Novice: 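Can you keep this structure in mind? I'll have questions shortly.
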Number of protein chains: 2
Amino acid sequence: MESSYPQPLVMVDIALFTIRDKRLSLILTRRKEPPFEGLLALPGGFVHVQEDADTEAAARRVIRGKIGFDAPYLEQLFTFSGVARDPRGWSVSVVYYALVPWALLERNASVELCPVEALPSLPFDHQQIVAKAMERLRGKATYSSLPAFLLPGEFTMNDLHGIYQQTIGARLDKASFRHKILEQDIIEEIPRRFRTGAHRPAQLYRLSSKALTAFERKI
Amino acid sequence: MESSYPQPLVMVDIALFTIRDKRLSLILTRRKEPPFEGLLALPGGFVHVQEDADTEAAARRVIRGKIGFDAPYLEQLFTFSGVARDPRGWSVSVVYYALVPWALLERNASVELCPVEALPSLPFDHQQIVAKAMERLRGKATYSSLPAFLLPGEFTMNDLHGIYQQTIGARLDKASFRHKILEQDIIEEIPRRFRTGAHRPAQLYRLSSKALTAFERKI
DNA sequence: CAGACTTAATTGTTTTTTGCAAATAACTAT
DNA sequence: ATAGTTATTTGCAAAAAACAATTAAGTCTG
């Protein structure tokens, strides 16, 4: 039977993004075991065929282990494979990327955060993985509600505008951005809720039910 | 050591598209072994850690086994996993999709072709896989040169226009389409080459070197 | 061999989208 | 009250896209 052939090791790795101080950042783990013991790397682990229904469940397990709760946005990114990527042997890593608002992480003292423009050199093929994840993030930012998942439940149009500029890496016209976003129905005004501060109060928005169900269907 | 845990079975499956008689079609295989012996299914196989450098190499091996040569376009689609998708046990399938011009397949008598609107019910989770592949194809058609890989080396603007409409599933204005495509530099005129027939001859085009190198870099 | 026919390709016009600049609105701090 | 600052809207110009019609280039038919 074919399945008696030697099989690759199967693991999941997570590119877990957040935005702190307006900087897109990754949550990393300091490895507690060989190989690469002591180095910072993407959180990950082996798939446990006894407890994980599929690799997405494995990814959620890893994320919960790292930050204590589920990420609001989770999507499969790409599968990396080969004999050379891990010194333990031929391996397959199903990589997911996840977005978490910084507000949810703040109390969590243990997380190691690193802005994407200042990453250390990462073990395995994690450098490549990060590059691919950024590419996807940038790509989706131009036509989906994805970057909104980096924000907490309530946010202003300016917050959203900034996040989009961050992830796309370019300047966007405010008026056009506002227009296009509202037209897509991915966010909605929270009636009578404003962020008040030094100046004119800003209308608060939240993700619309349309955006949330689109995410459930992984669009 | 972690790697002594029970590991999932690792395989690759291929969604191999072509266009025959203006209909987007899939190349299927009649299974020669259990499970689902005798049924039509996507071509696939286990990853051979001795001979495959990575899952993409495994995918190429499967494709060569099926059609006798490499597909002009090949890209990783998605990884499907779980305990229920294959009766042999917890498995991971890294799925690739590939595009092949019908002209290259014509002489190959053994291939079983099936238009995507008239697929039989497929075993495993292959129905889902096909749905995902179509979605990706549709998505990419709107902004890339991808559908052009379904055509032979020389094609007319009308051929291309038809293919795009096929994969997107909507009508596209001829003048606008022409304009946008030419502006992107993904195809180029073949000087002095025309398809002659019953009426006005049509200029022949080919993929530009820009489109070909973009594919090499998997854009 | 003229003209009808058919498909290819271009051109012009209207409509929609986008980018830019300025104006208006709503607050706080002095 | 008013200057200062950020939020939001408005208006207009430029660009892109959709639509409609015209011109081009051949074959086929009587």
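Values below: every heavy atom of this structure, side chains too, minus hydrogens, waters and symmetry copies. Small disclaimer: the values here were computed from a predicted structure and weren't measured. Chain naming here is simple, since letters A, B, ... match the order of the sequence lines and numbering starts at 1 in each.
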Novice: Given atom CZ of F194(A) and atom P of dA25(C), what is their separation to the nearest angstrom?
Specialist: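 Going from CZ in F194(A) over to P in dA25(C) covers 15 Å.
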Novice: Looking at every strand, decide which applies to R195(A) at a 4.0 Å heavy-atom threshold: base, sugar-phosphate, or nothing.
Specialist: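 It contacts nothing in the nucleic acid.
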Novice: Would you mind telling me which residue lines up with the more 5' stretch of DNA chain C, G197(A) or K180(A), judged by nearest nucleotide?
Specialist: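 Looking at DNA chain C, the more 5' nearest nucleotide goes with K180(A).
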Novice: Here's a test of your reading of the structure: between A202(A) and E183(B), which maps to the more 5' nucleotide of DNA chain D?
Specialist: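 Nearer the 5' end of the strand: A202(A).
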Novice: Is there a salt bridge (charged side-chain N to carboxylate O under 4.0 Å, His left out) between D159(A) and R195(A)? Walk through the geometry before answering.
Specialist: CA-CA 11 Å; D159(A) 293 341; R195(A) 174 175 306 164; 3.0 Å; yes
Novice: Where each residue is assigned the nucleotide of DNA chain C containing its nearest heavy atom, which of P201(A) and M157(B) is assigned the position nearer the 5′ end?
Specialist: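 In this pair, the answer is M157(B).
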Novice: For H126(A) and L42(A), indicate whether the former's side chain and the latter's backbone hold a donor-acceptor pair under 3.5 Å.
Specialist: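 Judged by distance alone, yes, a pair lies under 3.5 Å.
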Novice: Would you grab the first and last nucleotide of DNA chain D (5' to 3') that comes under 4.0 Å of any non-hydrogen atom in chain B?
Specialist: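 Terminal contacting nucleotides, 5' to 3': dA18(D) to dT27(D).
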Novice: Can you label the angle between the F177(B) ring and the H161(B) ring as parallel, tilted or perpendicular, going by 30° and 60°?
Specialist: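 Answer is tilted, since the angle falls between 30° and 60°.
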Novice: Using atom types as modelled and distance alone, determine if a side-chain donor or acceptor of S208(B) lies under 3.5 Å from a backbone N or O of D185(B).
Specialist: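 Pair found, side chain donor or acceptor close to backbone of D185(B).
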Novice: Examine F149(A) together with F215(A) and report whether their ring centres are nearer than 6.0 Å.
Specialist: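 Centroid distance F149(A)-F215(A): below 6.0 Å, so yes.
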Novice: Take the angle between the ring planes of F36(A) and F124(A) and call it parallel below 30°, perpendicular above 60°, tilted in between.
Specialist: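 Geometry flag for F124(A) against F36(A): perpendicular rings.
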Novice: How many whole angstroms separate atom NE2 of H199(B) from atom C1' of dT7(C)?
Specialist: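 One finds 6 Å between C1' of dT7(C) and NE2 of H199(B), rounded.
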Novice: N/O contacts under 3.5 Å, protein versus nucleotides 10-12 of chain C?
Specialist:
residue: dT10(C); atom: OP2; partner: R178(B); partner atom: NE; Å: 3.1

Novice: Taking 4.0 angstrom as the limit, do E37(B) and K32(B) come out as a salt bridge?
Specialist: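 Not counted as a salt bridge, because no side-chain N and carboxylate O are separated by less than 4.0 Å.
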Novice: Between the side chain of R61(A) and the main-chain N/O of D52(A), is any donor-acceptor distance below 3.5 Å?
Specialist: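 Not at all, since once roles are kept as given, no pair shorter than 3.5 Å links the two residues.
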